[in-house]
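First up is the structure itself, then whatever we jot down about it.
First listed ligand is number 1; within each ligand, the first listed atom is number 1.
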Amino acid sequence: MVIKKRKTRQVKIGNVKIGGNAPVSIQSMAKTDTADMQVTVSQIKALEQQGCEIVRVAVKNMACARVLDKIKARIGIPIVADIHFHFQLALEAISRGVDGLRLNPGNIYRRSEIKQVVKMAKKKDIPIRVGVNSGSLRTSGKKKKIAGQMVKSALDYIKILNDLDFYSIIVSLKASDLLTTVQAYRMMAKKCDYPFHLGLTAAGPEDPGSLKSAIGLGVLLAEGIGDTIRVSLTADPNEEVKVARNILTALKLRKDKIEIVSCPTCGRCEIELIKIVKQVKKRLNQLTISDHCSPVKVAIMGCVVNGPGEARDADVGLAGGRKSGIIFRKGKIVKKVGEKEMVDELVKEILNPKKS
Ligand code: SF4
């Protein structure tokens, strides 16, 4: 099955295309005090290494806004300024060369202020994310109507931007409640063709936040909804990027990371499969497809029941036997290996450029 993406306009954040036929991109947010430039830059560089393609930083005061040009000059990915309450911070951020803005309709809502921000964003040709958050809705109402209120808030804001002849818009509708978030995005998908930034807000710590994000974002992405994603976790932001990559790889929306398929093991398994998979994963973790040859899917299976089928089906596969295993490449047997050399031989085969 191939996911049919919802048709949207295309918007650019720096050199990253969002929507249209662009791949779903991965975002994260720095968790530092933005004004502390050194710490912020080093966190962003780590995120870049992990595969983050756009980074957002919190701009809570002028001290944060005034270092944005210096941060931008030291990093390799586009930077988005998340503006808190004061439109002057947005003006300062734009003048410092940010690649995009996030405005929350709940806290920057005066038409005269929005007008000034839009005028400058237009001049610099940068997009604005209309980032609705269930926690800062200006209307209060029954909980069950929150999704509708979020959609209304976004549509009202988009109308203001459109009235100012501004269309470089990305939309997000984040709630901490998974089902409310899914409902809001689905409703919004019927109302406009702007690209969506997907996320659950306050998803919680890694466990169960990663899972909640995978379910919420996964449901929408499988329906073709979503053009860029941010997984929000109460954790190291590098974890957010890892989870985001895994979600996109699992849905085959991105093929630049190796997918490991491995069995849960059972009484038939006669090799230490859990240990082997952990070691292979660690060795492959930092690799992207462009770093090496062709394997996209690697199967590591415990025995001869389902093993050979899965291993043959993968780009490189291993089917375990009695303290040994058979390595396959594109359906063909390459060699038989003993348990001790299994990890080395499998990784060698994955990284073998001659046979790609
Ligand atoms: Fe068990 Fe073999 Fe299936 Fe793994 S592949 S779960 S060892 S039957």
Run D193 and R6 through salt bridge (Lys or Arg N to Asp or Glu O under 4.0 Å) and show every step you take.
CA-CA 8 Å; D193 66 352; R6 165 182 164 256; over 6 Å; no
Can K330 and D315 be counted as an ion pair, charged N to O under 4.0 angstrom?
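Yes, charged N to carboxylate O under 4.0 Å.
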When rounded to the nearest 0.5 angstrom, what is the spacing between CD in Q88 and CD1 in I83?
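Nearest 0.5 Å value for the CD-CD1 distance: 11.0 Å.
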Please tell me whether [X] and [Y] have a donor and an acceptor in their side chains that are separated by less than 3.5 angstrom.
X	Y	value
S25	E53	no
R129	S172	yes
T228	Q27	yes

If you count every protein N, O or S atom closer than 2.8 Å to atom 4 (Fe) of ligand 1, you should arrive at 1
